[in-house]
Participant: 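Encoded as structure tokens, here's the structure I'll be asking about.
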Amino acid sequence: MTVRTRFAPSPTGYLHIGGARTALFAWAYARRHGGQFILRIEDTDVARSTPEAVQAILDGMQWLGLAHDEGPYYQMQRMGRYKEVIGQMLAAGTAYHCYTSKEELDALRAEQEAKKEKPRYDGRWRPEPGKTLPPPPAGVEPVVRFRNPLDGVVGWDDQVKGRIEIANSELDDFIIARADGTPTYNFCVVVDDWDMGITHVIRGDDHVNNTPRQINVLKALGATVPLYAHLSMILGDDGQKLSKRRNSVAVTDYDDNGYLQEAVLNYLARLGWSHGDDEIFSMEQFVQWFDLDHITASAAQFNTEKLAWLNAHYIKQADDVRLAGQAASRLARRGVDPEAGAPLERVVALYKDRVANLNELADAVEPFCVEIHPSAEMTATHLTEAARAALADLRGRLAAADWQKAAISQAIKETCTARGMKMPQVAIPLRVVLLGQPQSPAIDAVVEVLGRETVLQRLDKHV
RNA sequence: GUCCCUAUCGUCUAGAGGCCUAGGACAAUACCCUUUCACGGUAUGAACCGGGGUUCGAAUCCCCGUGGGGACGCCA
């Protein structure tokens, strides 16, 4: 049996970080076992689903590199099939028409809540041997309800949480088709998972409570029940439920915020799953190692600092050309011409082991591309008379120097000696003049990469 | 209210009865490196939710509390 997993988001918003992890795990499981990963768009909520959201999900999946082998399937395009199955169930007696109005249902619910009972449908239209149903009220379009078993328990061996059993008496006859004939979620999922031959349902644990209902329908249909693995939820940095207001929830936000895909993927993989003490690993390794046995059953809190650490790690590893491209596009977005200054690949090489994200990298690179304007405060602090004199001295030496690190370093050292100054007393004012900041990578390397023309020109502005 | 899930350092986690005086990682602290700031290196502090069992022995198994989460829709 080949493994078939699926990711089934509803297109009502962006691909959020929790969904991304679910997708990652389902994808990895299919890859691990040489199976197929299927993408299914659950768009039956016509009021909330949008084509933009579908696109956002597709974009998010693509950014992460989670390619699907089949799909995307759209539930709205499968209406005929759902109706066909509903017809079969009605004929087989595993489903029935219910004429209870929404008002009656509300009243029933209120009554049950008043009695501190679990709100549930009371089965008034459920056909039973020897039971006489009232005549269908005129002009009322019925809903279709699933005829859930009355007793016994539904159970499954959850691949993450272990054995879960729920008494059928806890379940009621839920609606599988609305009065307008459209099928409902719990029913569509069942038909889809069945038709698509899904072997492993890997999804968020907010679906644990849907699972017994779905299993009952599957059984009524004579379908094979897949294996279920329910992933616990991801909490925000603050330990609260993820919210759009407080957290970065859309995966593409991470792109905007300067994160590399491999950092996000590695972080997500490690959030709720582990492989011994391994913290840093490639997607190839992840796919080789991934299993359902090492998934945590409890909720995990998102830790932005750890993500940042991973991101810094992957930036250090990244190819200079790739980083230069990233810096260039981020600069361009700020209206900075990335071609205007020193060669980006060389600049980026200077900063790649000092920054935690791509936006910081762009910040660092920017002074190499645009005219800089050190603040008055900055110049007042660092460009003292002595400093200016030293820089003037250095300018002369640099103008004549061979343009390579060793010679540049030599020129700076000579200036120090000539002026009777310590290295930082020259290097820091030089940084301020060249980059507008008192800190930078090794000053000789900065000078070299910036280029003679720019260096002399910036020196001239201040000395 | 009912049902379901869950509980190891601040955080992510290792741990499947003795290997645990509980390991790793992020973060924190200290020191080292250093031409500034970073990076890097070394070290330190930091946890088994509480109570009962079971057992020669429990972080690991069971029960009860407590905390957290979820579900109870003609939403998905």
Participant: Report, one line per pair, each donor and acceptor closer than 3.5 Å where one atom sits in a side chain of residues 295-302 of chain A; sequence neighbours left out.
Facilitator:
residue : atom : partner : partner atom : Å
A:T296  : OG1  : A:G272  : O            : 3.4
A:Q301  : NE2  : A:D237  : O            : 2.9

Participant: Please classify the nucleic acid contact of A:K102 as base, sugar-phosphate, or nothing, using heavy-atom distances under 4.0 Å.
Facilitator: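 If one applies the 4.0 Å heavy-atom cut-off, A:K102 turns out to touch a base.
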
Participant: Starting from the 5' end of RNA chain B, give me the residue, A:Y99 or A:S409, whose nearest nucleotide shows up first.
Facilitator: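 The residue whose closest nucleotide sits nearer the 5' end is A:S409.
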
Participant: Look at all strands and tell whether A:P212 reaches a base, only sugar-phosphate, or nothing, counting heavy atoms closer than 4.0 Å.
Facilitator: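 No contact at all - A:P212 keeps every heavy atom at 4.0 Å or more from the nucleic acid.
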
Participant: Which whole number of Å gives the distance between the C1' atom of B:rC75 and that of B:rG17?
Facilitator: 46 Å

Participant: Write down the partner of B:rA25 under the Watson-Crick or G-U wobble criteria, each distance required to be under 3.5 Å.
Facilitator: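 Paired with B:rU11.
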
Participant: Which letters describe nucleotides 58-71 of chain B, given B = protein heavy atom under 4.0 Å from base, S = only from sugar-phosphate, - = neither?
Facilitator: -----------SBS

Participant: Which of these nucleotides, B:rU13, B:rU6, B:rC5, is closest to any side-chain atom of A:A300?
Facilitator: B:rU13

Participant: Can you tell me, in whole Å, how much space there is between the C1' of B:rA58 and that of B:rC33?
Facilitator: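 Result for the C1' pair: 46 Å, nearest Å.
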
Participant: Need the pair for B:rG57. Rule: Watson-Crick or G-U wobble, both distances under 3.5 Å, any strand; none if unpaired.
Facilitator: none

Participant: Report the nucleotide, chosen from B:rA76, B:rC74, B:rU35, that has the shortest atom-to-atom distance to any side-chain atom of A:V143.
Facilitator: B:rC74

Participant: Identify each donor-acceptor pair in which a side-chain atom of residues 137-153 of chain A lies under 3.5 Å from a protein atom, sequence neighbours left out, and give them as a table.
Facilitator:
residue : atom : partner : partner atom : Å
A:R145  : NH1  : A:D173  : O            : 2.6
A:R147  : NE   : A:P127  : O            : 3.4
A:R147  : NH2  : A:P127  : O            : 2.9
A:R147  : NH2  : A:E128  : OE1          : 2.9
A:N148  : OD1  : A:N216  : ND2          : 2.8
A:N148  : ND2  : A:N168  : OD1          : 3.4

Participant: Give the nucleotide from the list B:rC5, B:rU35, B:rC26 with an atom nearest to the side chain of A:I443.
Facilitator: B:rU35

Participant: Counting only side-chain N and O atoms of A:S274, is one of them less than 4.0 Å from OP1 or OP2 of B:rA14?
Facilitator: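 Yes, A:S274 has a side-chain N/O under 4.0 Å of OP1/OP2 on B:rA14.
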
Participant: Salt bridge check, A:D43 against A:R48: does any charged N sit closer than 4.0 Å to a carboxylate O?
Facilitator: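 No.
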
Participant: Establish, with yes or no, whether the OP1 or OP2 oxygen of B:rU13 is under 4.0 angstrom from a side-chain nitrogen or oxygen of A:T296.
Facilitator: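 So the side-chain polar atoms of A:T296 do come within 4.0 Å of the phosphate oxygens OP1 or OP2 of B:rU13, strictly under.
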
Participant: Under 4.0 Å, heavy atom to any atom of RNA chain B: which of residues 276-291 of chain A qualify?
Facilitator: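 Only A:D277, A:E279 qualify.
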
Participant: As a test of understanding, state which of A:I17, A:T304, A:L307 forms a side chain to side chain contact (heavy atoms under 4.5 Å, CB included) with A:Y267.
Facilitator: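 It is A:L307; the other options fail the test.
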
Participant: Using the side-chain heavy atoms of A:L271, tell me which of these nucleotides is nearest: B:rC12, B:rA76, B:rU35.
Facilitator: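 Comparing B:rC12, B:rA76, B:rU35 against the side chain of A:L271, the answer is B:rC12.
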
Participant: Base, sugar-phosphate alone, or nothing: which one does A:T44 contact when heavy atoms must sit under 4.0 Å apart?
Facilitator: sugar-phosphate

Participant: Name the closest nucleotide to the A:N303 side chain, picking from B:rA76, B:rU11, B:rC3.
Facilitator: B:rU11

Participant: Assign A:P424 to base, sugar-phosphate, or nothing according to its heavy-atom contacts below 4.0 angstrom with the strands shown.
Facilitator: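 No contact.
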
Participant: Taking the minimum atom-to-atom distance to the side chain of A:R109, which one of B:rC12, B:rC74, B:rA76 wins?
Facilitator: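 Nearest nucleotide to the side chain: B:rC74.
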
Participant: Mark yes or no for whether A:E366, through its side chain, and A:D363, through its backbone, hold a donor-acceptor pair below 3.5 Å.
Facilitator: no

Participant: If I pick the P atom on B:rG24 and the same atom on B:rG15, what distance separates them, to the nearest angstrom?
Facilitator: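 It works out to 15 Å between them.
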
Participant: Would you say A:K316 reaches B:rG40's phosphate, i.e. side-chain N/O to OP1/OP2 under 4.0 Å?
Facilitator: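 Result: yes.
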
Participant: Is there a side-chain contact between A:R270 and the phosphate of B:rU11, meaning an N or O under 4.0 Å from OP1 or OP2?
Facilitator: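 No, no such contact exists.
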
Participant: Could you check whether A:T211 gets within reach of a base, just the sugar-phosphate, or nothing at all, counting any heavy atom under 4.0 Å?
Facilitator: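 Nothing, no heavy atom under 4.0 Å.
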
Participant: Is there a Watson-Crick or G-U wobble partner for B:rC39 with both distances under 3.5 Å, and which nucleotide is it?
Facilitator: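 Paired with no nucleotide.
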
Participant: Does a side-chain N-to-carboxylate-O contact under 4.0 Å join A:K115 and A:E113?
Facilitator: no

Participant: Mind checking A:A297 for me? I need base, sugar-phosphate or nothing, with any heavy atom below 4.0 Å counting as a touch.
Facilitator: sugar-phosphate

Participant: How is A:A167 classified with respect to the nucleic acid when contacts are heavy atoms under 4.0 Å: base, sugar-phosphate, or nothing?
Facilitator: nothing

Participant: Side-chain donor-acceptor contacts of residues 383-395 of chain A below 3.5 Å, not counting sequence neighbours, with atom names and distances?
Facilitator:
residue : atom : partner : partner atom : Å
A:T384  : OG1  : A:A387  : N            : 3.2
A:R388  : NE   : A:L383  : O            : 3.2
A:R388  : NH1  : A:H462  : O            : 2.6
A:D393  : OD1  : A:R397  : NE           : 2.9
A:D393  : OD1  : A:R397  : NH2          : 3.2
A:D393  : OD2  : A:R419  : NE           : 3.4
A:R395  : NE   : A:D460  : OD1          : 2.4
A:R395  : NE   : A:D460  : OD2          : 3.4
A:R395  : NH2  : A:D460  : OD2          : 3.0

Participant: May I ask you to decide if A:R120's main-chain N or O and A:D172's side chain share a donor-acceptor pair within less than 3.5 Å?
Facilitator: no

Participant: Both conditions, 6.0 Å and 45 degrees, for the charged tip of A:R270 above the ring of A:W309: are they met here?
Facilitator: no

Participant: Is it possible for you to check whether A:R78 lies under 6.0 Å from the centre of the six-membered ring of A:Y74, through NZ or CZ, and within 45° of that ring's axis?
Facilitator: no

Participant: Taking the C1' atom of each, how far is B:rG52 from B:rU66, in whole Å?
Facilitator: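 So the two C1' atoms sit 14 Å from each other.
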
Participant: Judged by modelled atom types alone, do A:W156 and A:D158 share a side-chain donor-acceptor pair under 3.5 Å?
Facilitator: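 There is such a pair between these side chains.
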
Participant: Taking the P atom of each, how far is B:rA14 from B:rA7, in whole Å?
Facilitator: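 Those two atoms are separated by 11 Å.
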
Participant: Counting any heavy atom closer than 4.0 Å, what does A:N186 reach on the DNA or RNA strands: base, sugar-phosphate only, or nothing?
Facilitator: base

Participant: Take atom P in B:rC32 and the same atom in B:rC48, then report the distance between them in whole Å.
Facilitator: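 34 Å, rounded to whole Å.
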
Participant: Is a salt bridge present between A:K116 and A:E111, judged by a nitrogen-to-oxygen distance below 4.0 Å?
Facilitator: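 Judged by the 4.0 Å cut-off on N to carboxylate O distance, A:K116 and A:E111 do not form a salt bridge.
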
Participant: Between the protein and nucleotides 16-20 of chain B, list the N/O to N/O atom pairs that are separated by less than 3.5 angstrom.
Facilitator:
none

Participant: For A:R431 and for A:V160, find the nucleotide of RNA chain B with the closest heavy atom, then tell me which residue's nucleotide is more 5'.
Facilitator: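 Closer to the 5' end of RNA chain B: A:V160.
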
Participant: Suppose we call two aromatic rings close when their centres sit under 6.0 Å apart. Are A:F290 and A:W273 close by that rule?
Facilitator: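 Under 6.0 Å, so yes.
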
Participant: Using atom C1' in both nucleotides, what's the gap between B:rU13 and B:rC74 to the nearest angstrom?
Facilitator: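 After rounding to an integer number of Å, I get 43 Å for this pair.
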
Participant: Going by atom types alone, do A:T182 and A:D180 pair a side-chain donor with an acceptor below 3.5 Å?
Facilitator: yes

Participant: Can you identify which nucleotide, out of B:rU35, B:rU36, B:rC72, has its nearest atom closest to the A:P119 side chain?
Facilitator: B:rC72

Participant: For A:Q410 and A:E414, which I'm curious about, is there any donor-acceptor pair between the side chains at under 3.5 Å?
Facilitator: yes

Participant: Could you let me know what B:rA71 is paired to, Watson-Crick or G-U wobble, both distances under 3.5 Å, or none if it's on its own?
Facilitator: B:rU2

Participant: How far does the C1' atom of B:rA22 sit from the matching atom of B:rA59, given to the nearest Å?
Facilitator: 8 Å

